[in-house]
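Report on the following structure.
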Amino acid sequence: MGNVIVVGGGAAGMMAAYSAGMCGHKVTLLEKNEKLGKKIYITGKGRCNFTNACDIEDFFKNVVSNPKFLYSALYTFSPDSMIDFIESHGVKTKVERGNRAFPESDHASDITKALDNGLKEFGVKVQLNTEVKGLSIEGSTVKGVVLKSGKELAADHVVVCTGGLSYYTTGSTGDGIEWAKAAGLKISDLRPALVPLNTKEAYIPEMQGLSLKNVNLTIFDEKKKLYDSFGEMLFTHFGVSGPLVLSASSIIGKTLQNKGKLSAFIDLKPALSAQDLDARILRDFNDNMNKHLSTVLRGLLPSSMVPVFIDILGFDDGRQINSITKEERQSIVSLLKAFPFTIIGLRDFKEAIVTQGGVSVKDIDPSTMKCKNIEGLSFAGEVLDLDAFTGGFNLQIAWSTGYLAGISI
Ligand SMILES: Cc1cc2nc3c(=O)[nH]c(=O)nc-3n(C[C@H](O)[C@H](O)[C@H](O)COP(=O)(O)OP(=O)(O)OC[C@H]3O[C@@H](n4cnc5c(N)ncnc54)[C@H](O)[C@@H]3O)c2cc1C
């Protein structure tokens with residue numbers, strides 16, 4: 001049995017240390033923060049949506065980057081395995097809408113507690129406040145790690161679980177990606193994902209705080225449709241956010257960075273065809289001939305959208321319904337079906353739920369998480385070029401890859 005060092009006490013690192021310990025290795029878990037799992041505490045708005053209890057085949061559909069790489073990891077340690085792990089380590093769980101699993105207490109700290117119990121079970125040595133500076137590699141074999149203090153710790157095997165670049169205040173500063181690069185591994189382009197978007201038009205921040213439910217968002221690169229989905233979104237002081245926008249960011253990020261801008265449209269009435277909507281507006285107009293357009297629009301739109309809407313239409317304030325022509329009515333329908341704005345950038349890593357890109361999976365054996373070219377080195381979790389949509393999928397990627405890395409040593 002070997003001497004194993006796991007670097008990074010986040011989700012992937014705790015699980016890798018647990019499973020390596022379970023296999024009888026002497027394991028040391030190094031974490032630069034004062035506690036383990038700092039990011040876990042803020043996941044799921046403090047409730048930790050720790051996995052998604054869906055079928056594994058459905059799981060893959062929610063992975064944005066490199067789903068096929070995850071076959072072994074997910075079949076070895078599935079969402080059900082994770083639920084069993086948490087329950088068998090003293091924490092009750094529950095499954096909510098969309099198969100999202102949480103601790104029954106709604107306290108993320110319970111998930112960390114369960115993992116902590118697992119680490120104790122197999123005598124994993126946890127060293128907090130211990131920052132690793134780099135890997136110690138001789139030829140093509142890892143010999144251990146070098147700490148920031150200058151001290152070297154020897155190991156037969158090192159598992160790097162240092163996370164990505166998002167929410168760096170939790171400790172995820174991309175260190176493992178730098179070490180991989182220095183060791184000659186390929187790094188896929190890094191960008192924030194599950195992140196809000198900056199927009200161009202001044203009218204978007206005018207509606208900040210407004211949340212839209214049951215709308216359809218489409219995003220185009222010129223004529224090519226990149227994204228089309230239904231749900232909730234939000235206007236902010238810089239642009240747009242909310243579930244629809246976060247998911248969109250993971251899909252459009254690369255093209256957006258290449259092209260600099262993309263056009264987006266909100267269908268505010270997705271349940272009605274343009275024809276049905278026109279008929280409904282015509283009825284509303286006939287019933288309110290002597291009222292102001294803004295009064296009638298308030299029946300169709302959130303009130304903070306109405307002035308913006310009238311401005312985009314180019315209508316004078318105070319237009320009465322009886323003065324609206326058929327063409328003008330049709331332009332109202334068109335705007336309700338395709339409210340336009342321009343996306344000009346992703347927000348920063350510090351606002352991103354995950355990092356897209358990282359250590360290229362081409363350099364990693366998917367059945368062991370071992371590095372193909374360097375002996376004694378494995379990677380797990382967000383440090384790898386793996387990311388998924390919201391719903392518990394990203395944490396499960398960390399648990400599954402961490403577990404597989406640990407048992408494969
Ligand atoms: C606000 C927010 C909410 C989220 N909510 C959810 C959710 O509900 N469900 C879900 O599935 N996913 C969620 N995620 C994503 C999920 O948290 C991450 O994908 C997951 O934590 C990645 O785990 P990891 O172990 O790979 O990396 P991390 O959690 O980033 O852990 C890396 C660890 O390594 C340590 N480390 C880094 N460098 C060094 C070094 N040089 N020396 C020693 N230690 C080091 C860090 O301090 C850190 O503790 C959320 C993310 C954020 C930011």
Side-chain angles (χ1 to χ4, degrees), residues 5-17 28-53 59 62-65 79 82 96 98-103 106 108 111-112 115 126-135 145-149 153 158-179 192-196 246 250 349-356 358-359 369 379-403 405:
I5 287 180
V6 178
V7 188
M14 281 193 276
M15 188 52 86
T28 307
L29 176 58
L30 306 176
E31 167 55 53
K32 67 178 171 185
N33 288 326
E34 69 295 348
K35 62 180 176 193
L36 295 176
K38 206 163 178 181
K39 190 173 269 176
I40 293 176
Y41 286 92
I42 59 164
T43 58
K45 299 198 170 94
R47 300 203 299 135
C48 187
N49 173 200
F50 70 92
T51 190
N52 192 289
F59 195 108
N62 284 281
V63 179
V64 180
S65 307
M82 185 58 192
E96 294 188 356
N99 293 319
R100 292 165 190 246
F102 295 88
D106 284 331
I111 298 299
T112 318
L115 287 151
V126 177
Q127 272 184 231
L128 301 173
N129 301 305
T130 307
E131 183 168 344
V132 173
K133 201 170 82 183
L135 302 171
V145 299
V146 183
L147 302 184
K148 199 182 168 200
S149 63
L153 299 181
V158 174
V159 190
V160 176
C161 304
T162 45
L165 285 163
S166 37
Y167 270 72
Y168 64 84
T169 47
T170 61
S172 328
T173 45
D175 298 8
I177 299 171
E178 288 303 319
W179 305 335
L194 296 179
V195 70
L246 297 187
S250 293
F349 277 112
K350 63 175 184 273
E351 293 174 50
I353 291 182
V354 284
T355 299
Q356 206 163 64
V359 176
M369 296 295 133
F379 289 84
E382 212 180 302
V383 68
L384 291 168
D385 179 12
L386 299 167
D387 64 282
F389 291 127
T390 56
F393 303 102
N394 284 297
L395 276 171
Q396 183 62 46
I397 291 174
W399 313 130
S400 295
T401 55
Y403 185 90

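Being a predicted model, the structure only gives us computed values, none of them experimental. Counting convention: from 1, in listed order, for ligands and their atoms alike. The first residue of the sequence shown is numbered 1, and numbering continues consecutively from there.
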### Message
Counting only nitrogen or oxygen atoms and a 3.5 angstrom limit, does T173 reach ligand 1?
### Response
no
### Task
Distance to 0.1 Å, residue and atom name: give those for the protein heavy atom nearest to atom 34 (O) of ligand 1.
G8 CA, 3.2 Å
### Query
E31: heavy atom below 4.0 Å from ligand 1, yes or no?
yes
### Audit row: K32, D175, salt bridge (charged side-chain N to carboxylate O under 4.0 Å, His left out) steps and yes/no
CA-CA 11 Å; K32 67 178 171 185; D175 298 8; 3.7 Å; yes
### Query
Has ligand 1 got any nitrogen or oxygen that is less than 3.5 angstrom from a nitrogen or oxygen of A398?
no
#### Entry: Matching residue for Q396 among T401, T51, N62, N49 - test: side-chain hydrogen bond (donor to acceptor under 3.5 Å, both in side chains)
T51
### Query
Looking at OG1 of T28 and CD of Q127, how far apart are the two atoms once the value is rounded to the nearest 0.5 Å?
6.0 Å
### Task
Give yes or no for whether the N/O distance cutoff of 3.5 Å, strictly under, is met between Q396 and ligand 1.
no
### Residue and atom name of the nearest protein heavy atom (relative to atom 41 (N) of ligand 1), distance in Å to one decimal
D175 OD2, 2.7 Å
### Message
So for ligand 1, is A12 a polar contact partner (N or O within less than 3.5 Å, distance only)?
### Response
yes
### Query
What do we get for I42 next to ligand 1 when only non-hydrogen atoms under 4.0 Å count, side chain, backbone, both or neither?
both
### Query
Would you say the side chain of L153 lies within less than 4.5 Å of the side chain of L147, judging by non-hydrogen atoms?
yes
### Query
Looking only at heavy atoms, is any part of L36 under 4.0 Å from ligand 1, and if so is it the side chain, the backbone, or both, or is it neither?
neither
### Query
Closest non-hydrogen protein atom to atom 19 (O) of ligand 1, residue and atom name please, with distance?
E382 OE1, 2.7 Å
### Query
Quick one: NZ on K35 to OH on Y41, what's the gap to the nearest 0.5 Å?
5.0 Å
### Message
Within the 4.0 Å heavy-atom shell around W179, which atoms of ligand 1 are there?
### Response
41 (N)
### Task
Among all protein heavy atoms, pick the one closest to atom 53 (C) of ligand 1 and tell me residue, atom and distance.
Y167 CD1, 3.2 Å
### Message
Between E96 and R47, does any side-chain N to carboxylate O distance fall below 4.0 Å?
### Response
yes
### Message
Which of the numbered atoms in ligand 1 are under 4.0 angstrom from any heavy atom belonging to F393?
### Response
11 (O)
### Query
Just how far is it from atom OG1 of T130 to atom CD of E31, taken to the nearest 0.5 Å?
8.5 Å
### Message
Could you tell me, atom by atom, which parts of ligand 1 come under 4.0 Å of a heavy atom of S172?
### Response
30 (O)
### Query
Nearest to atom 37 (C) of ligand 1, what protein heavy atom do you find, and at what distance?
G171 O, 3.2 Å
### Message
If the contact criterion is a heavy-atom separation under 4.0 Å, does T51 count as touching ligand 1?
### Response
no
### Query
Is the distance between the ring centroids of F393 and F59 less than 6.0 Å?
yes
## Note on the structure
CG of L246 to CD1 of I353, rounded to nearest 0.5 Å, is 5.5 Å
### Query
Going by the order shown, which atoms of ligand 1 are within less than 4.0 Å of some heavy atom of E131?
41 (N), 42 (N)
### Message
Taking the side chain as everything from C-beta on, heavy atoms only, tell me whether E351 gets closer than 4.5 Å to P196.
### Response
yes
### Message
Below a 4.0 angstrom heavy-atom separation, can you tell me which part of K32, side chain or backbone, both or neither, approaches ligand 1?
### Response
both
### Task
Answer yes or no: is there a side-chain heavy-atom contact under 4.5 Å between S172 and V383?
no
### Task
Below 4.0 angstrom from a heavy atom of G10, which ligand 1 atoms are there? Numbered from 1 as shown, please.
25 (O), 31 (O), 33 (C), 49 (O)
#### Entry: Within-4.5 Å side-chain heavy-atom neighbours: K133 and V145
no
#### Entry: Which segment of C161 sits under 4.0 Å of ligand 1 when only heavy atoms are counted
backbone
### Message
Considering both backbone and side-chain atoms of C48, is one of its nitrogen or oxygen atoms within less than 3.5 Å of a nitrogen or oxygen in ligand 1?
### Response
no
### Query
Say you draw a straight line from OG of S65 to CG of D387; how long is it, rounded to the nearest 0.5 Å?
3.5 Å
#### Entry: Identity and distance of the protein heavy atom lying nearest atom 27 (O) of ligand 1
G163 CA, 3.3 Å
#### Entry: Close-contact set for ligand 1 against T170 heavy atoms, below 4.0 Å
47 (O)
### Query
Looking at atom 15 (C) of ligand 1, what's its closest protein heavy atom, distance included?
I353 O, 3.8 Å
### Message
Looking only at protein heavy atoms, which one is nearest to atom 13 (C) of ligand 1, and what is the separation?
### Response
T43 CG2, 3.9 Å
### Message
Does K350, at its NZ atom, have more than 12 non-hydrogen atoms belonging to other residues, nucleotides or ligands within less than 6.0 Å?
### Response
no
### Over all atoms of both residues, closest heavy-atom pair of I40 and M14
CD1-CE, 3.6 Å
#### Entry: Enumerated ligand 1 atoms positioned under 4.0 Å from heavy atoms of G44
5 (N), 6 (C), 7 (C), 8 (O)
### Query
Which distance, rounded to the nearest 0.5 Å, do you find between the CG of N394 and the OG of S250?
8.0 Å
### Query
Quick one: which ligand 1 atoms are inside 4.0 Å of a heavy atom on A11?
23 (O), 25 (O)
